[in-house]
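In what follows, a structure is listed as structure tokens, so that the remarks can point back to it.
Numbers restart at 1 for each chain; the letters A, B, ... are given by sequence-line order, proteins then strands.
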Amino acid sequence: MACWLLKTEPNTFSIDDLASRPGHTEPWDGVRNYQARNFLRDGMRVGDEVLLYHSSCAVPAVVGLARVASVPRPDPTQFDPESPYCDPGSDPDHPRWVLVDIRYVRHLPRPVPLAELKQHANALGDLALLRRSRLSVMPVSDAQRDFILALAGDRSAGA
DNA sequence: GCCAACGTTGGC
DNA sequence: GCCAACGTTGGC
């Protein structure tokens with residue numbers, strides 16, 4: 001099973017918001033970067049594991065676990081004139097942007113701050129989070145996943 | 001709030 | 001297709 005890292009700004013939509021949604025599930029809309037879109041559209045499978053990351057906040061950190069809960073489908077906000085994610089250039093017959101549903105699994109025993117991840121560049125150096133800081137959807141290798149969960153003291157580290 | 005990184009746009 | 005200008009992200 002593949003693993004991904006998804007960024008979210010907790011001031012807008014936090015892991016606690018996800019956990020409190022009906023079914024603990026939310027359509028992950030608003031991805032408007034082609035590389036991130038390609039990961040969503042071409043790489044994600046139902047059941048894939050997700051590390052949730054809080055960005056643009058006091059302590060940027062990996063904060064919890066989730067799962068991909070749907071296949072990709074068109075992101076309706078691209079056609080919504082009221083939405084900040086509206087994209088007038090997207091053709092309804094060939095939608096440019098997609099989303100998947102994301103389902104909350106659990107918080108990590110403790111958040112793992114970005115600053116701490118940076119201290120382990122030997123183990124995590126090719127994690128896109130540490131290299132291309134602006135990418136909001138990125139793949140995480142099994143080894144990187146296990147390492148981060150072990151830092152957090154999560155029970156499934158290495159499982 | 002500043003600013004570096006970097007993705008996107010558009011003129012040529 | 002190049003590349004300068006511009007806009008956005010996101011750490012600090």
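Judged purely by distance below 3.5 Å, without hydrogens or angles, the side chains of A:Asp126 and A:Gln144 pair a donor atom with an acceptor atom. Between the side chains of A:Ser90 and A:Gln78, at least one donor N or O lies within less than 3.5 Å of an accepting N or O. A side-chain N or O of A:Thr77 and one of A:Arg32 form a donor-acceptor pair less than 3.5 Å apart.
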Q: Report, as a single string ordered 5' to 3', how protein heavy atoms within less than 4.0 Å touch nucleotides 2-8 of chain B: B base, S sugar-phosphate only, - not at all.
A: ---BBSS

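Checked by atom type and distance alone, the side chain of A:His24 never pairs as donor or acceptor with a backbone atom of A:Arg106 at under 3.5 Å.
Taking 4.0 angstrom as the limit, A:Lys7 places none of its side-chain polar atoms (N or O) nearer than this to OP1 or OP2 of C:dG11.
The distance between atom NE2 of A:His54 and atom P of C:dG11, rounded to the nearest whole Å, is 12 Å. In this structure, the CG atom of A:Leu5 is 17 Å from the P atom of C:dT9, given to the nearest Å. Here C:dT9 presents its P atom at 20 Å from CG of A:Leu130, a figure rounded to the nearest Å.
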Ignoring hydrogens and angles, write down the donor-acceptor pairs under 3.5 Å from the side chains of residues 94-101 of chain A, residues two or more places apart or on other chains.
| unit_1 | atom_1 | unit_2 | atom_2 | d |
| --- | --- | --- | --- | --- |
| A:Arg96 | NH1 | A:Asp87 | OD1 | 3.4 |
| A:Arg96 | NH1 | A:Asp87 | OD2 | 2.9 |
| A:Arg96 | NH2 | A:Gly89 | O | 3.1 |
| A:Trp97 | NE1 | A:Asp87 | OD2 | 2.8 |
| A:Asp101 | OD1 | A:Arg73 | NH1 | 3.3 |
| A:Asp101 | OD1 | A:Arg73 | NH2 | 2.9 |
| A:Asp101 | OD2 | A:Arg73 | NH1 | 3.4 |

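Here the CE-CG distance, from A:Met138 to A:Leu130, works out to 8.5 Å after rounding to the nearest 0.5 Å.
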